[in-house]
There are 2 protein chains.
Amino acid sequence: MEESYDALRLENQLCFPLYACSREIIKQYKPHLDELGLTYTQYITMMVLWEKGEATVKELGERLYLDSGTLTPLLKKLESRGCITRARSKTDERNLMITVTREGEALREQAVSIPGKMARCSRLNEAEAAELYRLLQKMLGK
Amino acid sequence: MEESYDALRLENQLCFPLYACSREIIKQYKPHLDELGLTYTQYITMMVLWEKGEATVKELGERLYLDSGTLTPLLKKLESRGCITRARSKTDERNLMITVTREGEALREQAVSIPGKMARCSRLNEAEAAELYRLLQKMLGK
DNA sequence: CGCAATTAAATTGTGTACAATCGAATTGTA
DNA sequence: TACAATTCGATTGTACACAATTTAATTGCG
């Protein structure tokens with residue numbers, strides 16, 4: 001009747017350190033993002049938009065693995081802050097086009113120093129970070 | 001005036017794949033956890049409790065990197081489902097002792113098959129999973 | 001063409017996360 | 001021993017996440 005519950009131990013899960021690590025690092029971003037008045041999710045959304053200039057909600061969702069239930073309220077907040085505009089596409093009104101404003105572009109200049117600050121306090125060296133990146137991409141099927 | 005915003009590209013972040021990967025894997029747990037009526041956070045909480053039999057809210061928080069703002073409502077739900085009991089410690093009333101009930105213990109038998117099911121659909125081989133685990137632990141300062 | 005199927009966002013409801021604050025119990029020290 | 005400081009959990013408020021449903025626009029097929 002003695003059963004082994006070893007597989008159920010928290011230390012034997014890969015998912016838990018992934019989940020914990022993700023949240024811990026997002027916490028480390030917070031003081032830097034507070035200076036810009038952005039949350040982490042808003043920050044990665046702006047990253048996609050800074051890179052492309054504009055994108056539909058659908059494209060943002062595919063890139064960030066987020067759905068409209070998360071993005072719609074988040075984008076409305078970014079709009080009310082003046083960082084982006086939201087407008088239906090002329091050619092297909094189902095699509096909502098998100099565009100970075102001048103004010104949103106200005107925020108980019110403040111954001112550009114953040115990756116360096118974060119890299120400096122990482123516990124991994126460059127090779128380890130690269131390997132971690134590779135494994136995560138593989139896990140995501142990329 | 002030409003500036004490099006390369007560091008701000010989503011592909012150049014370590015945090016984003018970590019965050020995306022964590023959420024994608026938690027989604028893969030969902031159909032299995034639905035059968036037990038547990039959310040992912042409730043599942044890892046039960047994992048700690050199954051292992052120890054009982055723990056204070058503080059101990060759970062340290063182990064799971066969660067605070068009372070998250071744990072208090074979650075534990076009340078687990079209590080109302082009959083999986084755990086919540087009782088103040090006799091020796092120090094500030095501590096709330098969480099104990100697994102017989103019903104909570106029964107859930108463990110259903111949960112024990114989950115890690116195997118999850119491992120089988122992973123895209124990483126055993127060596128890669130071990131290396132990923134090591135890097136995440138190092139990142140967490142463990 | 002007409003209309004069913006599909007698509008894109010928005011909405012609704014539940015459940016985390018987490019910062020900040022509060023209140024009760026305990027501890028350390030003058 | 002008073003009492004300030006600390007500790008633990010609960011509460012409040014904001015912001016995601018995400019499943020499920022709804023609404024409006026577009027597409028494709030008979």
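We name chains A, B, ... by the order of the sequence lines, and we start the count at 1 in each one.
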> Does A/Ser89 or B/Ser68 map to a spot on DNA chain D nearer the 5' end, using the closest nucleotide for each?
Replying inline: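 Between the two, 5'-proximity favours B/Ser68.
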>> Need to verify one output field. Residue with the more 5' nearest nucleotide on DNA chain C, B/Tyr65 or A/Arg86?
In response: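 That would be A/Arg86.
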>> With nearest nucleotide decided by heavy atoms, which residue, A/Glu24 or A/Asp92, maps closer to the 5′ end of DNA chain C?
In response: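 Its nucleotide being nearer the 5' end, the pick is A/Asp92.
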>> When you measure from the centre of the six-membered ring of A/Tyr19, is the NZ or CZ of A/Arg23 closer than 6.0 Å and no more than 45° off the axis?
In response: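 Yes.
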Proximal nucleotide (of [options]) relative to the [X] side chain:
X: A/Thr41; options: D/dC8, D/dA17, D/dA10; answer: D/dA17
X: A/Asn95; options: C/dA19, D/dA17, C/dA9; answer: C/dA9
X: A/Tyr19; options: D/dA19, C/dG15, C/dA17; answer: C/dA17
X: A/Arg94; options: D/dG9, C/dC18, C/dT7; answer: C/dT7
X: B/Lys30; options: D/dG9, D/dA25, D/dA19; answer: D/dA19
X: A/Arg23; options: D/dC18, C/dT26, C/dC18; answer: C/dC18

> Which is it for A/Thr39 and A/Thr41 under the side-chain hydrogen bond (donor to acceptor under 3.5 Å, both in side chains) test, yes or no, and what are the steps along the way?
Replying inline: CA-CA 6 Å; A/Thr39 64; A/Thr41 315; 4.8 Å; no
>> Salt bridge or not between B/Arg88 and B/Glu93? Use side-chain N to carboxylate O under 4.0 Å.
In response: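 Salt bridge: no.
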>> What I want to find out is whether B/Lys76 reaches B/Glu79 closely enough, with some N-O distance under 4.0 Å, to be called a salt bridge.
In response: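 So B/Lys76 does not pair with B/Glu79 through a salt bridge.
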Integer-rounded Å distance: [N] [atom2] and [X] [atom1]:
X: B/Lys58; N: D/dC8; atom1: NZ; atom2: P; answer: 4 Å
X: B/Ile26; N: C/dA17; atom1: CD1; atom2: P; answer: 7 Å
X: A/Lys90; N: D/dT26; atom1: NZ; atom2: P; answer: 13 Å
X: B/Gln28; N: D/dA19; atom1: CD; atom2: P; answer: 12 Å

Taking only side-chain N and O atoms of [X], does any of them lie within less than 4.0 angstrom of OP1 or OP2 on [N]?
X: A/Lys76; N: C/dT11; answer: yes
X: A/Thr72; N: C/dT11; answer: no
X: A/Thr56; N: C/dA8; answer: no

> Aromatic rings A/Trp50 and A/Tyr43: how do their planes relate, parallel, tilted or perpendicular, breaks at 30° and 60°?
Replying inline: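 Rings of A/Trp50 and A/Tyr43: perpendicular, over 60°.
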> Touch check for B/Leu71, heavy atoms < 4.0 angstrom, all strands: base, sugar-phosphate only, or nothing?
Replying inline: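 Answer is nothing: B/Leu71 stays at 4.0 Å or more from every strand.
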